[in-house]
Trainee: 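Pasting a structure here, questions to come.
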Amino acid sequence: MKIKIIKKKLSNKEPTKDISRDDIENKLPLSTSKNKRLVKLSKDIIFGSNLIPVIAGPNGVESMELMVKVAKQLKKNKINIIRGHAYKPLTFPYRSKHYSETQSKGMDIMDTIKKEFKLKVVTELTEIKYLDRVLKTADILQVGSRNMQNLELLREVSRTKKPIILKRHFGSSLRDLLGAAEHILVEGNFNLILCERGVSIPHTHRSTSRFALDVQAIPALKEISNFPIISDPSHASFWAPWVPPLTYASISAGCDGLIIEMHPTPKKSHVDPLQPLNFIEFKKLINQSRKLSKVFGRKII
Ligand code: PEP
Ligand code: MN
């Protein structure tokens, strides 16, 4: 594949750890441009406005039965976007009957759910070879944190012109995140949503918690970029009881959307069972979030 080489006058006079003026002018011109960027899924579902769209669902598309239960709950709570991965990057290479990807079968399930319940679909693309199948169903393609700098994948998803969620790698600076975003933007796709999903830190205060939500990344990114920035408190905390407080912190910090993992019986979730909210907890979280977002002139949808 032909790769575009873009020549720019790079001074590199002041190489820095964080984003410098030189970076903004020469290396991140698109991701830091002053134009306000909205990502519209429909006339009522818009990222980057006063709305805060919620993307919710289980970790993986385990079965039709699971996705129907989840979709019904989303409808009850007036949430419009369902998530669930049929292709999943996992930390370890081993699989079992209950610990595997449903792949194209899972995508077929998502297809049915999308049509029956009129929900928008967010799902992860792990490799270019799955792009055609994922594209048929997804309304937003998710690039997971582990693939944040998979530059060939970024170029290919950009070319689809579909909305993209780019998750920040848990060890990445905002400079690297915007560098990855720039790879998408330079290919011409501006339907970009950035996602803070927790970073690695020496202590997380619980042995089950691997990351800490970098709430500060939300205002920091807003200072330099005009793309919507959403928060994923579920993957950040790994621990359901912490998801509500981190959600409220994200709303207060100005997030433009949320990713919340939920499952009818979290303990039975095939992956990361400590992380999803159950349906009662989810309902409470949405109700509280609606009240809180009003304080800031925003609206949970
Ligand atoms: C996910 O959203 O299910 C996921 C795996 O997220 P992350 O890439 O942030 O770990
Ligand atoms: Mn997950």
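Reckoned from all heavy atoms, side chains included, excluding hydrogens, waters and symmetry mates. Note that ligands are numbered from 1 as they come in the structure, with each ligand's atoms numbered from 1 the same way. Remember, it's a predicted structure, so these values are computed and weren't measured experimentally.
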Trainee: Looking only at distance, does Glu124 have an N or O less than 3.5 Å from an N or O of ligand 1?
Mentor: no
Trainee: Sub-3.5 Å donor-acceptor pair from the side chain of Lys36 to the main-chain atoms of Gly48, do we have one?
Mentor: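 Side chain of Lys36 to backbone of Gly48, a donor-acceptor pair under 3.5 Å: yes, one is there.
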Trainee: Quick one: does Glu196's side chain have a donor or acceptor within less than 3.5 Å of a partner on Val215's backbone?
Mentor: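 Side chain of Glu196 to backbone of Val215: no pair is present.
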Trainee: Checking the N or O distance criterion of under 3.5 Å, is ligand 1 in contact with Lys167?
Mentor: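 Yes, at least one N or O pair falls under 3.5 Å.
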Trainee: With atoms numbered from 1 as shown, which atoms in ligand 1 lie under 4.0 angstrom from a non-hydrogen atom of His85?
Mentor: 1 (C), 2 (O), 3 (O)
Trainee: Do any N or O atoms from the side chain of Thr102 and from the backbone of Lys105 form a donor-acceptor pair under 3.5 angstrom?
Mentor: no
Trainee: Can you list the ligand 1 atoms lying under 4.0 Å from a non-hydrogen atom of Gly144?
Mentor: 8 (O)
Trainee: Identify, by atom number and element, the atoms of ligand 1 in contact range of Arg197, meaning under 4.0 Å from any of its heavy atoms.
Mentor: 7 (P), 9 (O), 10 (O)
Trainee: For Lys88, counting its heavy atoms only, list the atoms of ligand 1 lying under 4.0 Å from any of them.
Mentor: 3 (O), 5 (C)
Trainee: I'd like to know: is the Mn ion (ligand 2) within the 2.8 Å range of an N/O/S atom from Asn59, strictly under that distance?
Mentor: yes
Trainee: Okay, side chain of Asn147, backbone of Val143: is any donor-acceptor separation there less than 3.5 Å?
Mentor: no
Trainee: Might you point out which heavy atoms bring Ile184 and Ser158 nearest each other, and give the distance in Å?
Mentor: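 That closest heavy-atom pairing would be O-OG, 2.7 Å.
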Trainee: Applying a strict 4.0 Å limit to heavy atoms, is Arg168 in contact with ligand 1?
Mentor: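 In this structure, Arg168 fails to qualify as a contact of ligand 1 - no heavy atom is under 4.0 Å.
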Trainee: Does His235 bring an N, O or S atom to under 2.8 Å of the Mn ion (ligand 2)?
Mentor: yes
Trainee: Is it possible for you to check whether Arg210 lies under 6.0 Å from the centre of the six-membered ring of Phe170, through NZ or CZ, and within 45° of that ring's axis?
Mentor: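 No; the conditions do not both hold, so Arg210 does not lie above the ring face of Phe170.
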Trainee: Would you find a donor on one side and an acceptor on the other, under 3.5 Å apart, between the side chain of Glu101 and the backbone of Lys88?
Mentor: yes
Trainee: Starting from atom 1 (C) of ligand 1, which protein heavy atom do you reach first, and at what distance in Å?
Mentor: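 Of every protein heavy atom, His235 NE2, 3.0 Å lies nearest to atom 1 (C) of ligand 1.
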Trainee: Below 4.0 angstrom from a heavy atom of Arg83, which ligand 1 atoms are there? Numbered from 1 as shown, please.
Mentor: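 What qualifies from ligand 1 is 1 (C), 2 (O), 3 (O).
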Trainee: When Ile300 is tested against each of Leu292, Leu258, Leu51 for side-chain contact (heavy atoms from CB on, under 4.5 Å), which residue passes?
Mentor: Leu258
Trainee: I'd like the name of whichever of Gly57, Gly60, Pro58, Ser145 reaches closest to atom 8 (O) of ligand 1 through any heavy atom.
Mentor: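 Among Gly57, Gly60, Pro58, Ser145, the closest heavy atom to atom 8 (O) of ligand 1 comes from Ser145.
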